[in-house]
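These numbers come from the heavy atoms of this one structure, side chains and all, not from hydrogens, waters or symmetry mates. All figures in this text were calculated on a predicted structure; none of them were measured in a lab.
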Amino acid sequence: MHVDLNLLTALDVLLAERSVGTAADRMQLSQPAMSRTLARLRRVTGDPILVRSGRSMLPTPYAEQIRDELHTLVEQAHAILTPPTDFDAATMQRTFTVQCNDVLANAMAADLLTRLRRDAPGVRLRILGESGTTSDELRQGRIDVRLSADEPDEPDLRARVVATDHLALVRTGPDVPGTLEEFAAIDQVVVSRRGRLRDPIDDILATHQLSRRVVLSVPTIDIALRAVAAGDLTTVAPASFARRAAHPGLTVHPLPFALPPIRAVMSWHARVDADPAHSWLRDLIAASAAASIGQNISTPG
């Protein structure tokens with residue numbers, strides 16, 4: 001049998017007021033509409049519910065028996081269907097998982113932890129490395145947020161650009177290449193998780209009939225910077241990360257060719273869009289990214 005659950009609220013109000021007119025006012029209905037609702041309740045339950053006695057209405061024994069349980073049930077239903085408004089980060093006990101590459105992890109981890117310990121001491125944070133199945137991991141809730149350089153194109157994912165940076169030339173020593181030819185002539189280190197010995201910079205050089213000598217491929221930028229600091233090498237890295245790297249002798253310079261800015265893009269699944277705790281986490285990450293990486297061009301989301 002199909003039961004209109006709105007009748008439960010109406011029954012709870014009727015038993016509380018013991019008056020069709022007053023119950024109608026509380027539910028913002030006309031008195032005839034409330035009378036029709038009472039008639040429906042009588043048909044559904046097979047009980048009169050309220051019986052007139054002089055100028056008042058008295059509940060039947062059945063109504064008296066179910067009143068307290070009914071009221072508790074209606075309050076629970078309203079609580080489930082009402083978005084929480086009492087979110088407090090300071091008392092939250094929760095573990096969040098953020099997935100990002102090593103550059104973003106190195107740049108943001110310390111600042112993000114400082115903010116968490118200050119604002120939400122009960123929150124724990126897990127930072128995971130990049131994966132090839134991040135969209136599924138967001139959908140399935142295995143990660144809460146993904147930070148990467150690209151915006152997702154899946155319709156069920158949301159994104160927010162939290163910071164921008166630019167790529168720069170990093171090396172040691174006084175000799176700084178000022179032309180494409182000088183840049184191509186320097187032994188170089190590239191960063192590739194898969195061990196590749198070329199990247200889009202080689203395509204730029206090829207358009208000028210130039211090629212460079214890549215002597216080392218490493219999986220992270222931090223390793224690349226260590227290698228550059230140890231010898232007469234150069235690499236290309238995000239400028240803000242390179243400037244903060246604690247490797248003696250490194251200098252950061254503009255590239256002798258134009259590259260578009262790089263972005264830090266935060267992605268999450270639409271199912272957590274309205275979760276106040278998740279929204280708070282996104283704002284926290286955005287603030288940390290702006291402070292740790294570069295220019296903040298984000299909009300709340």
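F183 is not connected to L216 by any chain of hydrophobic side-chain contacts under 4.5 Å among Ile, Leu, Val, Met, Phe, Trp and Tyr, and they are in different clusters. I186 is not connected to V252 by any chain of hydrophobic side-chain contacts under 4.5 Å among Ile, Leu, Val, Met, Phe, Trp and Tyr, and they are in different clusters. I201 and L225 are members of different hydrophobic clusters when ILVMFWY side chains are connected at heavy-atom separations under 4.5 Å. When hydrophobic clusters are built by joining Ile, Leu, Val, Met, Phe, Trp and Tyr residues whose side-chain heavy atoms come closer than 4.5 Å, directly or via intermediates, V189 is not grouped with V176. L8 and M27 end up in the same hydrophobic cluster when Ile, Leu, Val, Met, Phe, Trp and Tyr side chains are linked at under 4.5 Å.
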>> Walk me through whether D199 and R212 qualify under salt bridge (Lys or Arg N to Asp or Glu O under 4.0 Å).
In response: CA-CA 11 Å; D199 61 26; R212 59 178 174 162; 2.8 Å; yes
>> Does I223 form a side-chain contact (heavy atoms from CB on, under 4.5 Å) with D102? I'd like the steps, not just the answer.
In response: CA-CA 10 Å; I223 297 175; D102 67 296; over 6 Å; no
> Could you walk me through whether D273 and R282 pass the salt bridge (Lys or Arg N to Asp or Glu O under 4.0 Å) check?
Replying inline: CA-CA 10 Å; D273 215 13; R282 298 195 301 267; 3.6 Å; yes
> Between H71 and R67, does a side-chain hydrogen bond (donor to acceptor under 3.5 Å, both in side chains) hold up when you go through it step by step?
Replying inline: CA-CA 6 Å; H71 184 67; R67 182 175 56 189; over 6 Å; no
> Step by step, would you call V218 with T235 a side-chain contact (heavy atoms from CB on, under 4.5 Å)?
Replying inline: CA-CA 11 Å; V218 295; T235 193; over 6 Å; no
>> For V51 and T60: C-alpha separation, side-chain torsions, deciding distance, then whether side-chain contact (heavy atoms from CB on, under 4.5 Å) applies.
In response: CA-CA 7 Å; V51 177; T60 64; 3.9 Å; yes
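Around atom CZ of R117, no more than 12 heavy atoms belonging to other residues, nucleotides or ligands sit under 6.0 Å away. Surrounding CZ of R213 are at most 12 heavy atoms belonging to other residues, nucleotides or ligands under 6.0 Å away. Annotation: R124, atom CZ; neighbour count of heavy atoms from other residues, nucleotides and ligands within 6.0 Å does not exceed 12.
No donor-acceptor distance shorter than 3.5 angstrom exists from the side chain of T97 to the backbone of D144, with no hydrogens or angles considered. R244 places a side-chain N or O within donor-acceptor distance of the main-chain N or O of S292, the cut-off being under 3.5 Å. D12 places no side-chain N or O within donor-acceptor distance of the main-chain N or O of L70, the cut-off being under 3.5 Å. Within the 3.5 Å criterion, the main-chain N or O of V170 finds a donor-acceptor partner in the side chain of T234. Checked by atom type and distance alone, the side chain of R55 never pairs as donor or acceptor with a backbone atom of R52 at under 3.5 Å. No donor-acceptor distance shorter than 3.5 angstrom exists from the side chain of H208 to the backbone of L210, with no hydrogens or angles considered. Between the side chain of T22 and the backbone N or O of S19, no donor-acceptor pair lies under 3.5 Å. Remark: side-chain polar atoms of R42 are paired, donor with acceptor, to backbone N or O of L50 under 3.5 angstrom. With hydrogens and angles ignored, the 3.5 Å screen pairs no side-chain donor or acceptor of E17 with any backbone N or O of V13. A donor-acceptor pair under 3.5 Å is absent between the side-chain atoms of S53 and the main chain of S56, judged by distance alone.
Contact between T45 and I49 at its shortest, heavy atoms only, is OG1-CD1, 3.6 Å. Summarising the geometry of R171 relative to P177, their closest heavy-atom pair is CD-CD, 4.0 Å, with the distance given to 0.1 Å. Closest of all the heavy-atom pairs between S148 and L104 is N-CD1, 4.1 Å. Shortest non-hydrogen contact noted between R193 and P219 is CG-O, 3.8 Å. The two residues T172 and G231 come nearest to each other via the heavy atoms OG1-O, 3.4 Å. When all heavy atoms of A10 and T37 are compared, the pair lying nearest together is CB-CG2, 3.6 Å.
Between F87 and W280, the ring planes lie tilted relative to each other; the angle falls in the 30° to 60° range.
Between L125 and L113, every side-chain heavy-atom pair lies at or beyond the 4.5 Å cut-off. Q188 has its side chain out of reach of L233: every pair of non-hydrogen atoms, C-beta onward, lies at least 4.5 Å apart. The closest side-chain heavy-atom distance from T220 to N101 is not below 4.5 Å. Between F96 and V145, every side-chain heavy-atom pair lies at or beyond the 4.5 Å cut-off. A 4.5 Å side-chain heavy-atom check between R139 and D156 finds at least one atom pair inside the cut-off. You'll find the side chain of M34 stays beyond 4.5 Å of the side chain of D25, heavy atoms only. For the pair V20 and Q31, the minimum side-chain heavy-atom distance is below 4.5 Å. For the pair R115/I285, no side-chain contact is recorded, criterion being any heavy-atom separation below 4.5 Å from C-beta on.
In this structure, CG in L14 is found 10.0 Å from CG in L7, a value given to the nearest 0.5 Å. R36 contributes atom CZ, which lies 5.5 Å from atom OG of S30 (distance to the nearest 0.5 angstrom). The distance from the CE atom of M92 to the CG atom of D119 is 9.5 Å, given to the nearest 0.5 Å. For the atom pair L205 CG and L180 CG, the distance stands at 6.0 Å (nearest 0.5 Å). Interatomic distance, NE2 of H278 versus CZ of R94, reported as 7.0 Å (0.5 Å rounding). Atom NE2 of residue H166 and atom OG of residue S240 lie 8.5 Å apart, to the nearest 0.5 angstrom.
In summary, of the residues considered (R126, E137, R146), a side-chain hydrogen bond (donor to acceptor under 3.5 Å, both in side chains) with Q99 occurs for E137 alone.
Under a 4.0 Å N-O distance rule, the pair R196/D202 does not qualify as a salt bridge.
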